[in-house]
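Notes follow once the structure below has been shown.
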Amino acid sequence: MKKGFLIKTLGTTLLAAAILSLTGCGSGKEKEVESKTTKLPSIEDRYTIDKEKPAWQLDKKEEETTLTWYVNADWWNTEFGKDLVTKKVKEDLNINIKFVTGDDTKLNTYFAGGDMPDIITIFDSNSSIARKAETWALPLQDLADKYDPYFYEVAREDTLNWYKMKDGKSYGYPNYSNTKDDYESGNIFARDSFIIRKDVYEAIGKPNMTTPENFVAAMNKIKEKYPDLVPFGFNDFAKDGSSNGSMDGVVQDMLGVPYMKDGKYYDRNLDSNYIEWIKAFRQVHEDGNISDDTFTDDGDKFKEKLQSGKYASIMIGSFVNQGIPLQAFAASNPDSAYIAVDGIQSTEGNAPTLSQAGISGWMINYITKQAKDPAKAIQVFTYLLSDYGEMLTNFGIEGETYEKITDNKVKYTAETRNIQLNDAEKFQLEYRIGEFIQFGHDRFKALSDESYVDAVKQMQEWGQGKLVPQFATENIGPDASTQEARALSAIQTNWSTTLVGMLRAESEEDVDKLLNDYKEFQEQNNIDSINKVRNEKINENKEKLGME
């Protein structure tokens, strides 16, 4: 499940410098040895480990443990022990978690000052902080071997292998890490689609919109019949250029643009079929069917327009994250609800290759070397990764908030379902079901038809069979603070400007000129060196997962 357009990436020069300072200079080998031989405290007076039983059920420590858990996101809910879910976590593990939140600046202060929290959650597995994890975090295998071997029963082997460092050990563990088995299970759903209001679609005769020409014509039909609507919209562009809404990667996935060719990195932004569609969108804009506001609206404004049904059609990325406004509009306007339809397809015969959260996941969790009670910290990981912990965080307490229908299906109790549907604030503050997600996974959400709002279910059905994993090309960017990383950052910023310029260009010739300028900018910024790094990392990724 991708959480899309909310996250800031890590890897600033300041952060890189702070992390490098931890590795020392001139005595690097001594620091490396020290990092690998961190002395772990004994637990012999607390419990005896058992491979068949999670350690949190064995631990006899009477006093409550307080753990400080830093989450690198200002939006994270820092309350603990007051809602149904975290109250149960607190009771079962005999812990109190003090959540601290912030941004990259706050994270920098930890590494610069050396006063680290017990657990750290970040969002970029390709950042300097992740790539130097062995200098500041504890190996999960060492913690599991000493304190909680049951961890191996609940952790995914492929995910652990993915996060292994050069020393053969894994230091971080993510949420929403989907493996090949997950993709093949049918238990994870597509998140992106082309959607259109049902009433609009029917009023314009349910046209075929799978070719550029037909798409342009359909948008003109919408303008004619619905002059008060914006015929075509898309997710908001990030102000810092870190995200281009749904107008590059999402469209490329719809077109089935490959990620690799002949086993090497392929620049999807330069794909001829993608550019053909960019020229079609340019025409849509010229015809007055894309509002200029769409390029400047922020995420809140985008949600407002979804909730009011202002857009007739949308190239939408991560529609589950837009579930609340989509559901609000559908509830008020059931005959006008947004539906996914075939549109924006390859003219070269490629099938869609939609994305989901890959094996890298989203939030990555680490236990630091300064953890006051590393045994309790790894117990938290095991607990939340277990079926028991996943059911608690996704559905609450059996018999109280949910009931089993079959071995593979559950449903909320009538009272819980009523609160979920009619009192969202209470559901969030008093229950917190589905929000304590540091180790969440989509396969558990699939156990209930009530995990997702009704407004997105048809969109999920439309996406069945269209998901294709792209593990080999995950996290292949150059290491932060390298010359190639700085060059790539400049190229990505230039691409954001180029893309907006192409969509708003006055002619197709202007699109070609902007694209040629972008290619020249790539060359000036050593794109060949960047692609060499990408290809090396593609090979490393294949080796990690035993891919040919």
Side-chain angles (χ1 to χ4, degrees), residues 2 7 9-13 15-16 122-133 158 161-166 172 174 177-178 180 241-244 248-253 255-275 350 353-362 364 468-499 515 518-548:
K2 173 119 187 213
I7 306 306
T9 57
L10 301 171
T12 61
T13 302
L15 179 58
I122 64 172
F123 294 85
D124 185 1
S125 57
N126 197 42
S127 65
S128 292
I129 189 170
R131 292 188 177 278
K132 292 288 184 181
D158 279 353
N161 287 341
W162 184 257
Y163 275 91
K164 276 185 180 178
M165 308 291 283
K166 290 182 179 178
S177 172
N178 289 315
K180 184 173 180 288
S242 61
S243 167
N244 300 312
D248 49 14
V250 174
V251 172
Q252 291 159 6
D253 286 348
L255 301 177
V257 177
Y259 286 74
M260 296 185 294
K261 281 193 174 181
D262 300 322
K264 295 184 181 298
Y265 174 81
Y266 179 66
D267 193 338
R268 305 172 87 214
N269 293 340
L270 303 181
D271 180 78
S272 59
N273 194 203
Y274 172 62
I275 298 303
N350 294 334
T353 52
L354 303 189
S355 301
Q356 240 287 6
I359 198 162
S360 301
W362 184 42
I364 311 116
V468 179
Q470 305 293 344
F471 300 147
T473 53
E474 287 188 37
N475 300 334
I476 60 172
D479 291 354
S481 298
T482 62
Q483 182 176 340
E484 290 81 8
R486 289 189 288 271
L488 179 57
S489 177
I491 289 171
Q492 289 170 333
T493 300
N494 185 276
W495 168 250
S496 295
T497 304
T498 299
L499 179 56
L515 192 62
Y518 171 69
K519 291 177 182 177
E520 288 182 11
F521 189 85
Q522 283 189 314
E523 293 300 325
Q524 293 165 3
N525 284 272
N526 301 314
I527 189 64
D528 289 341
S529 297
I530 294 169
N531 287 338
K532 181 181 178 183
V533 172
R534 286 165 161 163
N535 288 326
E536 289 171 351
K537 292 193 174 183
I538 286 173
N539 291 331
E540 290 175 6
N541 288 346
K542 290 179 178 179
E543 187 176 345
K544 281 181 185 178
L545 299 178
M547 300 168 61
E548 294 183 0

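Heavy atoms only: backbone and side chains are in, while hydrogens, waters and symmetry mates are out.
- Using a 4.5 Å heavy-atom threshold, the side chains of I122 and S127 count as touching.
- Side-chain contact check for R534 versus L488: some heavy-atom pair is nearer than 4.5 Å.
- Summarising the geometry of S360 relative to N475, their closest heavy-atom pair is OG-ND2, 2.8 Å, with the distance given to 0.1 Å.
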One pair to check against salt bridge (Lys or Arg N to Asp or Glu O under 4.0 Å): K519 and D267. What are the steps and the verdict? CA-CA 11 Å; K519 291 177 182 177; D267 193 338; over 6 Å; no

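- Scanning all heavy atoms of the two residues, the minimum distance from N525 to A490 falls at OD1-CB, 4.2 Å.
- Between N244 and L499 the shortest heavy-atom distance is CB-CD2, 3.8 Å.
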Checking side chain to side chain contact (heavy atoms under 4.5 Å, CB included) for the pair I491/I527: CA distance, chi angles, key distance, verdict? CA-CA 9 Å; I491 289 171; I527 189 64; 3.9 Å; yes

Stepwise side chain to side chain contact (heavy atoms under 4.5 Å, CB included) check, I275 with L515: CA-CA 9 Å; I275 298 303; L515 192 62; 3.9 Å; yes

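- Note: D253 CG to T353 OG1 = 5.0 Å, rounded to the nearest 0.5 Å.
- Between M547 and A472, the shortest heavy-atom contact is CE-CB, 4.1 Å.
- A 4.5 Å side-chain heavy-atom check between Q483 and N526 finds at least one atom pair inside the cut-off.
- Here the OG1-CZ distance, from T498 to F521, works out to 8.5 Å after rounding to the nearest 0.5 Å.
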Steps toward side chain to side chain contact (heavy atoms under 4.5 Å, CB included) verdict (N541, F471): CA-CA 7 Å; N541 288 346; F471 300 147; over 6 Å; no

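- Considering NZ of K264 and NZ of K532, their distance stands at 11.0 Å, rounded to 0.5 Å.
- For the residue pair Y266 / N531, no side-chain donor-acceptor distance below 3.5 Å is found, with atom types taken as modelled.
- Distance CG/N535 to CD1/I530: 12.0 Å, rounded to 0.5 Å.
- Here the side chains of D479 and E484 are not in contact, with every heavy-atom distance at 4.5 Å or above.
- Looking only at distances, a side-chain donor or acceptor of T493 sits under 3.5 Å from a matching main-chain atom of S489.
- Using a 4.5 Å heavy-atom threshold, the side chains of F123 and P174 count as separate.
- With values rounded to the nearest 0.5 angstrom, K180 atom NZ is found 11.0 Å from L545 atom CG.
- Side-chain atoms of K164 and N161 include a donor-acceptor pair closer than 3.5 Å.
- K537 places a side-chain N or O within 3.5 Å of a backbone atom of G477 that can act as its donor or acceptor partner.
- One distance of note links OH of Y518 with CG of N269; it measures 5.0 Å at 0.5 Å rounding.
- Counting only N and O atoms by type, the side chains of Y274 and D248 include no donor and acceptor under 3.5 Å apart.
- With Y163 contributing its side chain and D158 its backbone, the two residues share no donor-acceptor pair below 3.5 Å.
- For E474 and N126, the side-chain atoms include no donor-acceptor pair closer than 3.5 Å.
- In this structure, D271 and Q252 have side chains that are not in contact, with every pair of non-hydrogen atoms separated by 4.5 Å or more.
- For the residue pair S177/W162, the side-chain donor-acceptor check at 3.5 Å is not satisfied.
- Y259 has its side chain within reach of R268: a pair of non-hydrogen atoms, C-beta onward, lies under 4.5 Å apart.
- Within the 4.5 Å cutoff, the side chain of T473 has heavy atoms near those of the M260 side chain.
- The nearest pair of heavy atoms linking A485 to P478 is N-CB, 3.6 Å.
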